[in-house]
Amino acid sequence: MSNIKDKLYTKIQEWRPRTINLVKNYADVVVDEVTIGKIMGGMRGLKCLITDISYLDPNEGIRYRGHTLPEVIKLLPKPEGSEMPYVEGLIYLLLMGEVPNEKEVEEMLEEFERRKTVPKYVYEVIDALPCKSHPMIMFSAAIMSMQRESQFEKYYKKGLKKEDYWDPTYEDVLNILSKLPEIAAYIYSRAYQQDKHRHSLPGVDMGANFAHMMNKDKPYDDVSRLHFIIHSDHESGNVSAHTGHLVSSSLSDIYYSLSAMLHGLAGPLHGLANQEVLRWLQSLMKQMNGAEPDEEKMKKFVWETLNSGQVIPGFGHAVLRKTDPRYTLQREFSLKHIKDDLLFKYVDVLFKVVPPILKEHGKAKNPWPNVDAQSGVIQWHYGVTEYDFYTVLFGIGRAIGISANIIWDRALGYPLERPKSLTTEMLEEIAKKAKK
Ligand code: CMX
């Protein structure tokens with residue numbers, strides 16, 4: 001067993017009695033109320049899931065293992081000369097629940113290094129798809145094609161004990177996470193760069209390697225680190241995380257689970273929103289003839305979008321009730337590195353203009369910007385202008401948190417997810433009785 005896996009096993013053994021105690025002694029304790037509003041409203045806010053990897057406070061934003069995002073950026077070890085930490089260190093934090101030291105990050109880097117070669121057939125699968133396919137389709141197909149490598153499936157067929165499920169899952173997770181950046185970069189070259197792919201650099205971290213494969217200079221390595229880190233986890237109720245967990249609860253392996261979560265991430269109300277932001281911004285800038293942002297004209301454009309029945313992409317959130325700290329971190333990065341970028345100036349004026357309009361419009365519970373309002377703009381500045389690709393970048397990050405959750409789901413023996421459905425008639429009956 002590697003040092004990391006060994007240590008994780010110790011953590012799992014220490015944690016298990018807490019789960020057993022809750023299930024055994026407190027199963028009947030009421031946590032929340034299921035109302036018709038919650039059932040009809042996409043279970044918004046219903047407290048019915050468990051994860052210890054991250055927690056989303058509506059007014060504070062996400063905490064990874066108890067740490068706010070600014071703390072995560074500050075506390076995790078960084079490559080020399082970089083502003084942003086190792087993504088591999090973040091993976092360690094999410095898995096172990098503690099901030100790694102330099103040596104522990106080094107061990108994680110080694111784990112990734114020895115697993116990162118992508119099998120040749122994965123490229124062939126991507127090549128077999130039309131190069132006009134959406135990059136998310138290529139990404140999902142590539143991940144699915146590797147399902148044949150699953151250690152979980154192999155050992156499950158041989159008769160794996162339930163308490164050991166986490167072990168081959170851990171192997172699957174590291175095997176797939178280490179390959180995602182190269183798969184994504186290959187998709188980028190296949191879709192947009194006439195197949196001019198650059199393979200992985202040995203001996204560098206995920207951020208630097210991705211920048212190399214995307215053929216980008218500094219600070220794109222930090223852009224990548226920041227992007228993967230802030231997108232990695234957002235509790236377990238969002239569509240991608242919940243999908244990953246749900247699929248995995250049937251003991252489908254990580255390849256099925258991650259491919260499925262990508263399909264949820266691909267929707268315009270979720271991960272595709274960063275692409276939508278760019279599309280929307282481009283049409284705004286076109287109307288403005290590429291001039292410097294003008295508040296009054298922008299207000300008019302925002303109202304036109306709302307009045308035509310569309311949402312303002314990059315604003316609002318199902319849980320958050322303030323500016324997303326993931327937005328703020330990217331804004332700070334942008335103010336430092338790309339403050340004269342015209343697109344960024346537009347985004348910054350929207351930050352000022354949109355919230356009061358959404359408040360006046362009166363529908364959105366949260367008028368503030370979310371992560372997607374900024375992320376595409378940074379990519380655009382550094383030359384990744386093909387916004388169909390942005391959800392793939394989100395997907396690399398999100399795969400990290402979902403995978404950490406799935407390892408722990410297995411370690412703690414979480415069961416098959418199976419809520420109960422009712423018919424409209426049944427709800428009407430319940431409603432009638434409650435009125436009497
Ligand atoms: N622009 C216009 N209307 C909005 C809005 C926005 N940005 N955000 C919410 N609303 C509307 C909703 O469409 C809903 O209208 P209806 O009652 O007519 O259906 C109403 O306000 C209430 O919605 P809500 O409770 O505030 O928000 P939800 O939990 O239903 O949805 C979200 C959350 C993110 C889907 C929504 O805010 C939205 O569509 N935002 C734009 C798309 C976006 O940026 N998505 C990315 C979110 C981050 C992520 O998960 O990746």
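Note that these values count all heavy atoms, side chains included, but never hydrogens, waters or copies made by symmetry. Counting convention: from 1, in listed order, for ligands and their atoms alike. One is the number of the first residue; the rest follow in order along the sequence.
Annotation: Ala364 places an N or O atom under 3.5 Å from an N or O atom of ligand 1; distance criterion only. Close N/O approach between Ala273 and ligand 1 is not found [any backbone or side-chain N/O within under 3.5 Å].
Scanning all protein heavy atoms for the shortest distance to atom 27 (O) of ligand 1 gives His317 O, 4.4 Å. Remark: minimum distance from atom 25 (O) of ligand 1 to any protein heavy atom is reached at Lys365 NZ, 2.8 Å. Atom 33 (C) of ligand 1 has its closest protein heavy atom at Ala318 N, 3.6 Å. The shortest contact between atom 31 (O) of ligand 1 and any protein heavy atom is with Arg44 NH2, 4.3 Å. In terms of protein heavy atoms, atom 3 (N) of ligand 1 is closest to Val311 CG1, 3.8 Å. For atom 50 (O) of ligand 1, the closest non-hydrogen atom on the protein side is His270 ND1, 2.9 Å. Shortest contact from atom 7 (N) of ligand 1 to any protein heavy atom: Phe315 O, 2.7 Å. Counting only heavy atoms of the protein, atom 46 (C) of ligand 1 lies nearest to Asp372 OD2, 3.2 Å.
His245 and Asn405 share no side-chain donor-acceptor pair at under 3.5 Å. Of the N and O atoms on the side chains of Glu33 and Thr35, not one donor lies less than 3.5 Å from an acceptor on the other residue.
Among Gly42, Gly316, Pro268, Ser375, the residue whose heavy atom sits closest to atom 42 (C) of ligand 1 is Pro268. If you check each of Ile312, Ile357, Leu265 against atom 1 (N) of ligand 1, the one with the closest non-hydrogen atom is Ile312. Residue Lys363 holds the heavy atom nearest to atom 11 (C) of ligand 1 of all those in Lys363, Arg398, Arg326.
Put simply, atom 23 (O) of ligand 1 has no protein non-hydrogen atoms near it, under 4.0 Å away.
The shortest separation from a heavy atom of Asn370 to ligand 1 is under 4.0 Å, placing the residue in contact.
In this structure, Phe389 and Tyr192 have perpendicular ring planes: the angle between them is above 60°, well past the 30° mark. The aromatic rings of His234 and His317 stand perpendicular to each other, their planes meeting at an angle above 60°, with 30° marking the opposite boundary. Taking the six-membered ring where the residue is Trp, His270 and Phe394 present perpendicular rings, their angle passing 60° and hence far from 30°.
Per-residue contacts place Leu358 under 4.0 angstrom from the following atoms of ligand 1 (heavy atoms of the residue considered): 1 (N), 2 (C). The Gly314 neighbourhood of ligand 1 comprises atoms 43 (C), 44 (O), with distances under 4.0 Å to a heavy atom of that residue. Interface atoms of ligand 1 facing Leu269, defined by a heavy-atom separation under 4.0 Å, are 35 (C), 39 (O), 45 (N), 46 (C), 47 (C).
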Worked check of side chain to side chain contact (heavy atoms under 4.5 Å, CB included) between Leu180 and Phe139: CA-CA 9 Å; Leu180 292 184; Phe139 201 30; 3.9 Å; yes
